[in-house]
Amino acid sequence: MPELRRSARGPTRAAYPHARRLAVPLTALALLAGGCGNSPSTLRPHSRPAREIADLWWWMLAAAAVVFLGAIVMLALSWWRRGRPGLPVFGDRDDIARRLVVLFGVLVPLVVLIALFVVADALVVKDTGAPARGSTAMTIEVTGRQWFWTVRYPGTRAITANEIHIPANTRINIVARTADVIHSFWVPQLNRKIDMIPGLSNRVLLYANQIGRYRGQCSEFCGLEHANMAFDVDAETPAAFRAWLHREAAPATPPATPAQKAGADVFMNDQCASCHTIRGTSARGLVGPDLTHLGSRRTLAALTIPNRLSELREWIRDPQHVKPGNKMPGLNLAPRDLDAVARYLEGLK
């Protein structure tokens, strides 16, 4: 085995002689794995804007491949001729070599880049830009916070978190804002990303051409839990969306069981009500997400964990263990009170 040699900064490269040989294939494997499965990808578009972005990406890849292969061919020919000085590949005149360098090193890349810029400006930018006023069926307001998303439906009382419900085949105007630092709203399969700048509003068209669930992500580093700041876009039939919106706009369901009633008392009398809102109750906090219909959501903590009773209880007990760096403190509730609060929140559907 190789000797482990250390310096003041830790093990040196010599300590791991195989690391450099493994770095490239492991990196390629990681990139390949990252593009597989259910991860969001711009190369699986489900709207016209996303398709335009994907098409542009493929054209850029093809153009880059042509330029790259041309450079490789020139390098190969130069290397081949270097080993055979008596064989004139391009002739003996230096001006031919210079012309080839100018052609493949300057003119071809310049023409390709200009063509791609024109195509992107004429097609992609037009289709992926903010929708014109009056060209959409409805508006949804999305506010980024450290580290979750507040979703409002103007004209209704519906407020949710980390889930955006839309009717499929419908043009939606997303108005994106931030309540603290810079965030970035991005649903790769539906459209481009837009920044959320403090004090400003930004808009983007959201359109899904089929029923499904599309993952979104904050793509601007916004703090410790940036990687765990995700959301879902649920594209539903118009009837299903209207039914969901009607339920979401209603006040919270009153507690039905003794355990839920006890949990409601603990929630309202402890710190929970000072940070969260539950419509129809005395809880009016604005620090954390609206919990009016928490029990109907699929996930907790911005898609970090599934919304099941065991995970909900653990989240309330020690939120820093589940999502380190988030702004929800542990309340040190007694086990009985913890169970009661978890059951109360689970029943908010």
Greater than 12 external heavy atoms within 6.0 Å of [X]'s [atom1]:
{"X": "Arg203", "atom1": "CZ", "value": "yes"}
{"X": "Arg297", "atom1": "CZ", "value": "yes"}
{"X": "Met60", "atom1": "CE", "value": "no"}
{"X": "Leu286", "atom1": "CG", "value": "no"}
{"X": "Arg284", "atom1": "CZ", "value": "yes"}

**Asked** Is there a side-chain contact (heavy atoms from CB on, under 4.5 Å) between Thr139 and Val175 once you walk through the steps?
**Response** CA-CA 7 Å; Thr139 294; Val175 178; 3.7 Å; yes

Would you kindly confirm whether [X] and [Y] end up in one hydrophobic cluster when ILVMFWY residues are joined by side chain heavy atoms under 4.5 Å apart?
{"X": "Val142", "Y": "Ile159", "value": "no"}
{"X": "Trp147", "Y": "Ile164", "value": "yes"}
{"X": "Trp149", "Y": "Leu303", "value": "no"}
{"X": "Met229", "Y": "Ile140", "value": "yes"}
{"X": "Leu291", "Y": "Val151", "value": "no"}

**Prompt:** When the aromatic ring centroids of His165 and Phe241 are compared, is their separation below 6.0 Å?
**Reply:**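 Here the rings of Phe241 and His165 have centres that are no less than 6.0 Å from each other.
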
**Request:** Flag the pair Trp186 / Phe231 as yes when their ring centroid distance falls below 6.0 Å, and as no otherwise.
**Result:**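 Trp186 vs Phe231: aromatic centres not under 6.0 Å.
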
Please give me the minimum heavy-atom distance between [X] and [Y], naming the atom from each residue.
{"X": "Pro131", "Y": "Thr136", "result": "CB-CG2, 3.7 Å"}
{"X": "Ala235", "Y": "Tyr214", "result": "CB-CE1, 4.0 Å"}
{"X": "His46", "Y": "Leu190", "result": "O-CD2, 4.0 Å"}
{"X": "Met268", "Y": "Ser282", "result": "SD-OG, 3.8 Å"}
{"X": "His293", "Y": "Arg247", "result": "NE2-O, 3.1 Å"}
{"X": "Lys323", "Y": "Ala302", "result": "NZ-CB, 3.8 Å"}

**Asked** Between Asp339 and Arg317, does at least one N-O distance fall below 4.0 Å, as a salt bridge requires?
**Response**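 Salt bridge: no.
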
**Item:** Cationic N near anionic O, under 4.0 Å, Arg298 to Asp232
**Value:**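 Result for this pair is yes, salt bridge flagged.
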
Taking the side chain as every heavy atom from C-beta outward, state whether [X] and [Y] have any pair of such atoms under 4.5 Å apart.
{"X": "Thr304", "Y": "Thr299", "result": "no"}
{"X": "Val287", "Y": "His276", "result": "no"}
{"X": "Ile182", "Y": "Met196", "result": "no"}
{"X": "His183", "Y": "Glu220", "result": "no"}
{"X": "Tyr207", "Y": "Asn209", "result": "yes"}
{"X": "Val181", "Y": "Pro198", "result": "no"}

**Request:** Check step by step if side-chain contact (heavy atoms from CB on, under 4.5 Å) holds for Ser47 and Gln189.
**Result:** CA-CA 7 Å; Ser47 70; Gln189 292 176 281; over 6 Å; no

**Prompt:** Could you walk me through whether Arg279 and Asp290 pass the salt bridge (charged side-chain N to carboxylate O under 4.0 Å, His left out) check?
**Reply:** CA-CA 8 Å; Arg279 285 177 279 119; Asp290 186 296; 3.8 Å; yes

**Message:** Is there a side-chain contact (heavy atoms from CB on, under 4.5 Å) between Leu312 and Leu345? Walk through the geometry before answering.
**Reply:** CA-CA 8 Å; Leu312 177 58; Leu345 295 176; 3.9 Å; yes

**Request:** Take Leu300 and Phe148, measure what side-chain contact (heavy atoms from CB on, under 4.5 Å) needs, and give me the verdict at the end.
**Result:** CA-CA 10 Å; Leu300 300 169; Phe148 65 95; over 6 Å; no

**Item:** Pair Ser219-Ser184, side chain to side chain donor-acceptor pair (under 3.5 Å): steps then yes or no
**Value:** CA-CA 5 Å; Ser219 58; Ser184 190; 3.0 Å; yes

**Asked** Passes side chain to side chain donor-acceptor pair (under 3.5 Å), Arg177 versus Ser201? Steps please.
**Response** CA-CA 5 Å; Arg177 303 185 180 94; Ser201 296; 2.8 Å; yes

**Message:** Checking Arg145 against Asp180 for the salt bridge (charged side-chain N to carboxylate O under 4.0 Å, His left out) test, could you report, in this order, the C-alpha distance in whole Å, the side-chain angles of both residues, the deciding distance, and whether it holds?
**Reply:** CA-CA 6 Å; Arg145 301 173 183 269; Asp180 35 57; 6.0 Å; no

